[in-house]
Every structure is written in C-alpha cells, then in structure tokens.
Participant: 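The structure's right below; bear with me while I get my questions together.
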Amino acid sequence: NRADGGGGSSVRQGGAIASNGDIDILNSTFSANAADSSGGAIHHQDGTLSVNHATFTSNSAGLSGGGISLSSGTGQLRNTIVAGNIASTSNPDLNGTFMSLGNNLIGIGNPSDGITDGVTGDLEGTSGSPIVPLLGLLADNGGSTFTHALLGRQDGDDLTYSAAVD
C-alpha cells in the first residue's frame, strides 16, 4: 500500500491506515506500506489506537514514524513488534508518545515515545544500538494471512516475551 499526494499536490499520511477516533488492531501484520509524510503503516489522531499482538516491519515514511505515527490521542501497545521501518527525517519505528501495556519490541525508540527498555517486559533499541527482531520474510506461515515468522534469539537476548507471534 502507498499513500501519496496524487500528483504531488498534497502529502498523505498512513500508508495502510489513516485513522481518526478509536481503532483496535489485533493479530495483524503491517509490512511494505509507505506514506509520503508520516505513518508508513498507520497514522493516528484523536481517540485511542490500541495495538495488540501485531508486527510492523519494512514500512516507510517520507518524514517520521515509518511504522506508526501518533499525532494526537492515545496510543497503546501490547505484545507488539515495531522494528525495521524507515523514516527519512526521524523516528523510523514510532513517532508520538505511546503507553506500553507490556512485552513490546521497538527496534529504534526515542526518549519521548513512552516506551522504556527493560520496563514491563519491553525491549527498545536506539539509533546507535538498534534491536533487530530476526523476522523471516513475509510468507504463508500457516495462518489466514501472510506473516513474518520469528526466527530466533539475538546474541543471547532472551526473547521469550509473548510479542507478536502471528
């Protein structure tokens, strides 16, 4: 999916989903989506964005929030992987302030994203030391849709948290 300005006249947000109001994401994979501005996979404003058991990888944004961009409202993450996304200017994985409900893996976090490495079972990398989640290619892994299978552990890190087993 790609959100663009249709001839370059405007900049779009949310390569897969642009939402206003409450939205629940459950057991989902967002991969290879793109937006010209922010929210390569999801751009959210107003209301609550609740994400549970999801994977966001290989998404891109022209400015920030290659995975998820939250411009206003509340963002909640539980058992979710947001890693391996791209943004041209800043915050390749998450843009905005989120509330962790536990057991998330964020490839490259930032000090204002609301996620803290080592708290509530979360793992969060930095731009200098990103966490690579070791995901397989998008494929039929036995579910109703294609997913990125978890491939294993990274350098002895215990990844036994319950994040995003699709």
Side-chain angles (χ1 to χ4, degrees), residues 1-101 104-117 122-139 145-148 163-164 166:
N1 296 314
R2 175 156 188 83
D4 61 30
S9 60
S10 64
V11 176
R12 300 289 173 138
Q13 301 169 324
I17 297 174
S19 63
N20 294 311
D22 296 341
I23 184 169
D24 293 318
I25 304 293
L26 178 64
N27 298 329
S28 299
T29 298
F30 291 82
S31 180
N33 298 289
D36 283 351
S37 178
S38 62
I42 295 177
H43 181 269
H44 181 77
Q45 61 187 31
D46 301 326
T48 299
L49 169 65
S50 178
V51 181
N52 295 283
H53 303 282
T55 301
F56 293 81
T57 192
S58 301
N59 300 291
S60 64
L63 296 176
S64 62
I68 306 171
S69 180
L70 178 71
S71 65
S72 63
T74 302
Q76 301 172 337
L77 301 176
R78 179 191 322 257
N79 300 331
T80 292
I81 296 171
V82 186
N85 299 289
I86 299 167
S88 296
T89 59
S90 65
N91 306 331
D93 291 316
L94 292 177
N95 187 54
T97 302
F98 294 79
M99 178 189 324
S100 173
L101 300 178
N104 301 292
L105 187 152
I106 311 301
I108 299 174
N110 65 77
S112 64
D113 67 13
I115 309 295
T116 303
D117 187 49
D122 292 332
L123 300 173
E124 183 175 57
T126 65
S127 59
S129 184
I131 295 175
V132 178
L134 299 179
L135 299 172
L137 297 174
L138 188 64
T145 64
F146 280 28
T147 59
H148 291 274
D166 295 320

Participant: When rounded to the nearest 0.5 angstrom, what is the spacing between NE2 in H43 and CD1 in I68?
Facilitator: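 Result: 12.0 Å between the selected atoms.
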Participant: Do T29 and F146 touch side chain to side chain, with heavy atoms closer than 4.5 Å?
Facilitator: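 The answer is no, as the side chains (C-beta and beyond) never meet within the 4.5 Å cut-off.
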Participant: For L123 and D117: C-alpha separation, side-chain torsions, deciding distance, then whether side chain to side chain contact (heavy atoms under 4.5 Å, CB included) applies.
Facilitator: CA-CA 5 Å; L123 300 173; D117 187 49; 4.2 Å; yes
Participant: Just jot down the side-chain contact (heavy atoms from CB on, under 4.5 Å) partners of N110, sequence neighbours excluded, or say none.
Facilitator: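 With sequence neighbours excluded, N110 shows a side-chain contact (heavy atoms from CB on, under 4.5 Å) to N91, S112, D113, given in chain and number order.
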Participant: Do the side chains of I108 and T126 get nearer than 4.5 Å, heavy atoms only?
Facilitator: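 T126 does not reach I108 side chain to side chain.
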Participant: How far apart are the C-alpha atoms of I23 and I42, what are their side-chain angles, what is the distance that settles it, and do they pass the side chain to side chain contact (heavy atoms under 4.5 Å, CB included) test?
Facilitator: CA-CA 11 Å; I23 184 169; I42 295 177; 5.9 Å; no
Participant: Looking at CD1 of I86 and OG of S58, how far apart are the two atoms once the value is rounded to the nearest 0.5 Å?
Facilitator: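 So the gap between those two atoms works out to 7.5 Å.
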Participant: Which heavy atom of L137 sits nearest a heavy atom of H148, and at what distance?
Facilitator: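 That closest heavy-atom pairing would be C-ND1, 3.6 Å.
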Participant: How close do S38 and A61 get, heavy atom to heavy atom, and via which atoms?
Facilitator: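 For S38 versus A61, the nearest heavy atoms are CA-CB, 4.0 Å.
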Participant: Residues two or more places apart in sequence or in another chain: which of them pass side-chain contact (heavy atoms from CB on, under 4.5 Å) with T74?
Facilitator: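 In terms of side-chain contact (heavy atoms from CB on, under 4.5 Å), with neighbours along the sequence ignored, T74 is linked to T48, Q76, M99.
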Participant: Report the residues that fulfil side-chain contact (heavy atoms from CB on, under 4.5 Å) with T116, sequence neighbours left out, ordered by chain and then residue number.
Facilitator: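 Partners of T116 by the side-chain contact (heavy atoms from CB on, under 4.5 Å) criterion, ordered by chain and then number, come out as V119.
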Participant: Of all heavy-atom pairs between T97 and L70, which one has the smallest distance, and what is that distance?
Facilitator: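 Closest approach of T97 to L70: O-CD2, 3.1 Å.
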Participant: With sequence neighbours left out, write down each residue that passes side chain to side chain donor-acceptor pair (under 3.5 Å) with N59, or none if nothing qualifies.
Facilitator: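 Residues passing side chain to side chain donor-acceptor pair (under 3.5 Å) with N59: N33, N85.
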Participant: List for me each residue that meets side chain to side chain donor-acceptor pair (under 3.5 Å) alongside S69, sequence neighbours excluded, and say none if there are none.
Facilitator: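 Only N95 meet the side chain to side chain donor-acceptor pair (under 3.5 Å) criterion with S69.
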Participant: The criterion is ring pair (Phe, Tyr, Trp, His ring centres under 6.0 Å); which residues satisfy it with F98, sequence neighbours excluded?
Facilitator: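 Per chain and number, F98 pairs via ring pair (Phe, Tyr, Trp, His ring centres under 6.0 Å) with no residue.
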Participant: Rounded to the nearest 0.5 Å, how far apart are OG of S129 and CD of E124?
Facilitator: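 The distance works out to 11.5 Å.
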Participant: Quick one: CG on N27 to OG1 on T147, what's the gap to the nearest 0.5 Å?
Facilitator: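 If I round to the nearest 0.5 Å, the distance is 11.0 Å.
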Participant: Supply the atom-to-atom distance L105 CG to N79 CG, rounded to the nearest 0.5 angstrom.
Facilitator: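 Taking CG in L105 and CG in N79, the distance rounds to 11.5 Å.
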Participant: Please report the closest heavy-atom contact between I25 and F30, naming both atoms and the distance.
Facilitator: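 For I25 versus F30, the nearest heavy atoms are CG2-CE1, 3.7 Å.
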Participant: Using the test side-chain contact (heavy atoms from CB on, under 4.5 Å), find all partners of S72 that sit at least two apart in sequence or belong to another chain.
Facilitator: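 side-chain contact (heavy atoms from CB on, under 4.5 Å) list for S72, sorted by chain: Q45, D46.
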Participant: Considering non-hydrogen atoms only, spot the tightest contact between D93 and G84 and give its length.
Facilitator: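 That would be OD1-N, 3.5 Å.
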Participant: Taking all non-hydrogen atoms of both residues, which atom of A35 and which atom of G14 are closest, and how far apart?
Facilitator: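 Looking at all heavy atoms of both residues, the shortest contact is CB-N, 3.7 Å.
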Participant: Mind checking what makes side chain to side chain donor-acceptor pair (under 3.5 Å) contact with S100, not counting sequence neighbours?
Facilitator: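 N104, T120, D122.
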Participant: Going through the checks in order, is the side chain to side chain contact (heavy atoms under 4.5 Å, CB included) test met by V51 and V82?
Facilitator: CA-CA 11 Å; V51 181; V82 186; over 6 Å; no
